[in-house]
Amino acid sequence: MNTKFTRWDVEVISDLFNNRDKEFIYRIPISTTNVTDKWYWSKEVSETYSVKSAYKLIQDLKFPTGSPISTDFWKALWALKCPPTVKDMLWRFVSNCLPTCGSLVQRHVRISSSCPICNRGVETVTHFLVSCSFTAACWRSAGLYGGNPGDISFGEWLQDRFNNWELRERHMGGNALLGYLAR
């Protein structure tokens, strides 16, 4: 674009683009005002991008207002006295960001979506960690099973369990998950 005359620079466009693209470019209206464009980030008062505000935006999109996962639950999860790797795995479970068979099939990976342990249902985070017959037996043997979660997410199920468990049981729940995954 020739900014001095507010028109397209035909010579530059002809050198860089094919006929079809040139036509598209020429159809783009050029502003007649002489205002300089500027980059800004609408999620910060200063209009300057920050990783913190981008992370907050992602979390808000992932867990919108009214999300069943409460702030108190997250605080309780991070306050657990267990190795950081257990907390990280719990966060991954609750965030539903594990490559389960079900999620891989949704991403067009050509595999069976069935649970490789019980072969009875689609392997989701909730199935893998709660509904699968093997996992349910593990929860029962630890005395921590809370019933079939139905259609709720693993995060909602775990939050419900956390609300019902005493502090000792919360640590046991985290360790039970770690023991199950170590197999």
Side-chain angles (χ1 to χ4, degrees), residues 20-21 41-43 49-183:
R20 184 186 69 93
D21 291 343
W41 179 247
S42 64
K43 302 302 176 190
Y49 173 83
S50 73
V51 173
K52 180 181 178 180
S53 63
Y55 179 79
K56 183 180 179 332
L57 173 64
I58 290 168
Q59 293 307 309
D60 290 346
L61 292 172
K62 204 177 210 182
F63 302 109
T65 305
S67 169
I69 309 300
S70 72
T71 305
D72 291 338
F73 168 75
W74 288 114
K75 287 179 183 175
L77 183 113
W78 296 123
L80 286 176
K81 291 184 179 163
C82 58
T85 53
V86 174
K87 293 178 189 178
D88 178 64
M89 286 304 293
L90 286 171
W91 174 80
R92 290 173 190 265
F93 297 151
V94 173
S95 299
N96 201 27
C97 63
L98 293 175
T100 61
C101 293
S103 67
L104 290 172
V105 166
Q106 285 181 330
R107 291 178 176 90
H108 307 290
V109 176
R110 292 183 179 190
I111 60 168
S112 170
S113 64
S114 297
C115 173
I117 296 171
C118 71
N119 234 3
R120 290 190 188 143
V122 174
E123 186 194 43
T124 63
V125 171
T126 305
H127 177 83
F128 171 69
L129 294 171
V130 183
S131 304
C132 178
S133 55
F134 176 77
T135 344
C138 292
W139 285 112
R140 280 189 196 97
S141 69
L144 300 172
Y145 190 67
N148 191 320
D151 291 334
I152 64 173
S153 69
F154 175 74
E156 292 170 277
W157 179 87
L158 187 62
Q159 179 176 249
D160 180 59
R161 297 291 80 225
F162 260 53
N163 291 338
N164 293 314
W165 288 340
E166 298 296 325
L167 185 61
R168 181 185 67 77
E169 292 172 315
R170 289 181 181 181
H171 295 301
M172 283 177 57
N175 290 328
L177 281 171
L178 182 62
Y180 168 66
L181 294 173
R183 291 182 176 202

For the side chain of Ser112 and the backbone of Ser114, is there at least one donor-acceptor N/O pair under 3.5 Å apart?
-> yes
Which atom names give the shortest non-hydrogen contact between Val122 and Gly102, and what distance separates them?
-> CG1-CA, 3.8 Å
Is Thr126 reaching over with its side chain to a backbone N or O of Ser131, donor-acceptor style, under 3.5 angstrom?
-> no
Which atoms form the tightest heavy-atom contact between Ser113 and Cys101, and what is the distance?
-> O-CB, 3.7 Å
Which distance, rounded to the nearest 0.5 Å, do you find between the CG of Asn96 and the CG of Leu98?
-> 7.5 Å
The reported gap from CD1 in Ile117 to CD in Glu123 (rounded to nearest 0.5 angstrom) is 7.0 Å
What's the shortest heavy-atom distance between His127 and Cys118, and which atoms?
-> NE2-SG, 3.3 Å
Please name the pair of heavy atoms, one in Thr100 and one in Val125, separated by the smallest distance, quoted to 0.1 Å.
-> CG2-N, 3.8 Å
Side-chain donor-acceptor pair under 3.5 Å between Trp41 and Ser53, yes or no?
-> yes
Provide the closest heavy-atom pair for Lys87 versus Leu80 in the form atom of the first, atom of the second, distance.
-> CE-O, 2.8 Å
Separation between CG (Leu77) and CG (Asp72), nearest 0.5 Å, reads 12.5 Å
Give the intermediate values and the outcome of side chain to side chain contact (heavy atoms under 4.5 Å, CB included) for residues Thr135 and Val130.
-> CA-CA 6 Å; Thr135 344; Val130 183; over 6 Å; no
Measure across Leu129 and Phe93 and return the closest heavy-atom pair with its distance rounded to 0.1 Å.
-> CD1-CG, 3.3 Å
